[in-house]
There are 2 protein chains.
Amino acid sequence: MELAAAKLKFIEAWGKLGSEWGINRTMAQVHALLLISPEALTTEEIMEALSISRGNANMTLRDLIGWGLIEKQHKAGERKEYFFADKDVWNISRQVAKERKKRELEPVLKVLNELSTVVGDEKDPEFKTFKKSVSDINKLALNVDKTLETMLKAEESWFWGSILKVFK
Amino acid sequence: MELAAAKLKFIEAWGKLGSEWGINRTMAQVHALLLISPEALTTEEIMEALSISRGNANMTLRDLIGWGLIEKQHKAGERKEYFFADKDVWNISRQVAKERKKRELEPVLKVLNELSTVVGDEKDPEFKTFKKSVSDINKLALNVDKTLETMLKAEESWFWGSILKVFK
DNA sequence: ATAAACTTTCAATAATTTTTGAAAGTTTAA
DNA sequence: TTAAACTTTCAAAAATTATTGAAAGTTTAT
């Protein structure tokens, strides 16, 4: 396969994966473009490469910065802003895990906590089933939360080296 | 908090979480409803409880069956179909992991494999960066895939007992 | 066979999410 | 200052996704 075709395919695949994971397609595509670009790119270049509008490019880049996946760069003597992506997949994974933990898991934990204060008749099957499900999900969520917490502190070496040992 | 209010809150929270994870809101809500219901419910009861149409209920229930999260049940002497959810969070987690692996991870692995056959000039930074990124992501994806594979085979006890030991 | 009970389908509609692009805003150089 | 170079905003439009509901389909009992 030719490089040009491969690039397009990569951008498309990353975009699709992103949209399946609640990240908008364009955002994932811009990320993909920057991931495979050796140099930082300007908004103009990104607009051009992906055929998107200036407004869209600007918002998408801002969001990617918010996710900690790309950074602005300034070149001496130039007005333009350049953008580049961290290429380290371990950093990328951690960054995504960190943001999703904060944006999604933590609010859910909060609600589950509130829900576990529910009061009712211990003889009522409706009540018992509700309590059991909420409590089980709460335990799971706490486990996931702690696991992510530890992952965020872990060294890169852990990830590449020993993840498989987990499961004896 | 009262049980009735808590139920609504749980259904809402599960629906929100679902939509953040690429599962449609209604599907997650129906799942939530069945999770906290001690008895299997009919389509009518689900339509009523969530104020959704018959068509929507039918499609959503079919999707949930496709995800392996709920099952049909027949009661002796009755024409109606009843639906109930597996309440075991470990089973739920495995089922979701299994489906997402199949639907999302595997197609991506396939593309990454194709992309690693790209040919080009080893001196070209564009080429080198592309290859490096694709190869790193490929390694990560393979790692995730193997980890999920092992998780699918693992015993429930593993999950509740030793997930935290992973990280030293 | 017929009809009642129940389920499925799908074209039309509604709701939501994403994108556009032009105008407004900001910064820098002269 | 002023104007050129560049960035941000946001209301309107487009694209996508979800939902409805009535008609068609299926199964069962008689």
Side-chain angles (χ1 to χ4, degrees), chain A residues 11-12 14-34 40-67 69-84 100 103-104, chain B residues 11-12 14-34 40-67 69-84 100 103-104:
Chain A
I11 290 167
E12 196 193 324
W14 205 242
K16 179 154 168 284
L17 188 67
S19 67
E20 288 165 343
W21 282 81
I23 286 152
N24 107 21
R25 219 184 79 255
T26 302
M27 186 169 150
Q29 288 184 337
V30 170
H31 186 226
L33 177 65
L34 292 173
L41 302 179
T42 62
T43 301
E44 294 283 344
E45 289 169 321
I46 292 164
M47 288 165 58
E48 160 81 12
L50 302 177
S51 307
I52 60 174
S53 70
R54 183 173 303 285
N56 196 3
N58 183 269
M59 283 183 147
T60 296
L61 289 165
R62 186 211 282 153
D63 284 351
L64 281 168
I65 291 172
W67 274 79
L69 295 173
I70 68 171
E71 285 178 30
K72 278 189 188 173
Q73 210 173 54
H74 288 279
K75 297 204 176 177
E78 289 210 45
R79 293 275 307 269
K80 279 197 287 273
E81 293 179 330
Y82 287 77
F83 299 89
F84 81 104
R100 298 202 76 151
R103 295 170 195 225
E104 295 154 24
Chain B
I11 290 167
E12 196 194 326
W14 206 242
K16 179 153 169 285
L17 188 65
S19 67
E20 287 164 344
W21 282 83
I23 286 152
N24 106 20
R25 219 183 78 257
T26 302
M27 186 169 149
Q29 289 184 338
V30 170
H31 186 225
L33 177 65
L34 291 174
L41 301 180
T42 63
T43 302
E44 295 283 344
E45 289 169 322
I46 293 164
M47 287 164 58
E48 160 80 11
L50 302 176
S51 308
I52 60 174
S53 70
R54 184 173 302 284
N56 195 3
N58 184 270
M59 283 181 149
T60 296
L61 289 165
R62 187 211 282 156
D63 284 352
L64 282 167
I65 290 172
W67 274 79
L69 294 174
I70 68 171
E71 286 178 30
K72 278 188 188 173
Q73 211 175 53
H74 288 279
K75 297 203 176 177
E78 288 211 45
R79 292 276 306 270
K80 280 198 284 273
E81 293 178 328
Y82 287 77
F83 299 89
F84 82 103
R100 298 202 76 152
R103 295 169 195 224
E104 295 154 24

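Quick caveat: nothing in here was measured; it's all calculated off a predicted structure. Lettering follows sequence order; numbering is per chain, from 1.
Taking the ring centre of Tyr82(B) as origin, the terminal cationic atom of Lys72(B) falls outside the region bounded by 6.0 Å and 45° from the ring axis. Because its NZ or CZ atom is both nearer than 6.0 Å to the ring centre of Trp67(B) and within 45° of the ring axis, Arg103(B) counts as a cation-pi partner of that residue. Judged by the 6.0 Å distance and 45° axis criteria, Arg100(B) is positioned over the aromatic ring of Trp21(A).
Residue Asn24(B) contributes atom CG, which lies 12 Å from atom C1' of dA15(C) at whole-angstrom precision. In this entry the distance linking CD of Glu44(A) with P of dT8(D) reads 13 Å, nearest Å. Remark: P of dT17(D) and NZ of Lys16(A) are 12 Å apart, rounded to the nearest angstrom. Rounded to an integer number of Å, the gap from Ile65(B) CD1 to dT8(C) C1' is 13 Å. Rounded to whole Å, the distance from NZ on Lys72(B) to P on dT7(C) is 8 Å. Atom CD1 of Ile52(B) is separated from atom P of dT17(D) by 20 Å (rounded to the nearest Å). Between the P atom of dT17(C) and the CE atom of Met27(A) lies a distance of 16 Å, rounded to the nearest Å. In this structure, CD of Glu20(B) is placed 18 Å from P of dT17(D), rounded to the nearest angstrom.
The number of heavy atoms from other shown groups lying within 6.0 Å of CD (Glu12(A)) does not exceed 12.
Nearer to the 5' terminus of DNA chain D, by closest-nucleotide assignment, is the contact made by Lys80(A) (compared with the other of Asn56(A) and Lys80(A)). Map Arg79(A) and Thr26(A) each onto its nearest nucleotide of DNA chain C; the residue landing nearer the 5' end is Thr26(A).
Heavy atoms of Thr42(B) sit nowhere under 4.0 angstrom from any nucleic acid atom.
Counting only heavy atoms from C-beta on, Met59(B) has its side chain closest to dC10(C) among dT19(C), dC10(C), dT20(D). Relative to the side chain of Glu81(A), the nucleotides dT8(C), dC10(D), dT7(D) differ in distance, and dT7(D) lies closest.
Every residue two or more places apart in sequence or in another chain that forms a salt bridge (charged side-chain N to carboxylate O under 4.0 Å, His left out) with Glu20(A) is listed here: Lys16(A).
Within the structure, a side-chain polar atom (N or O) of Asn58(A) is placed less than 4.0 Å from OP1 or OP2 of dT8(D).
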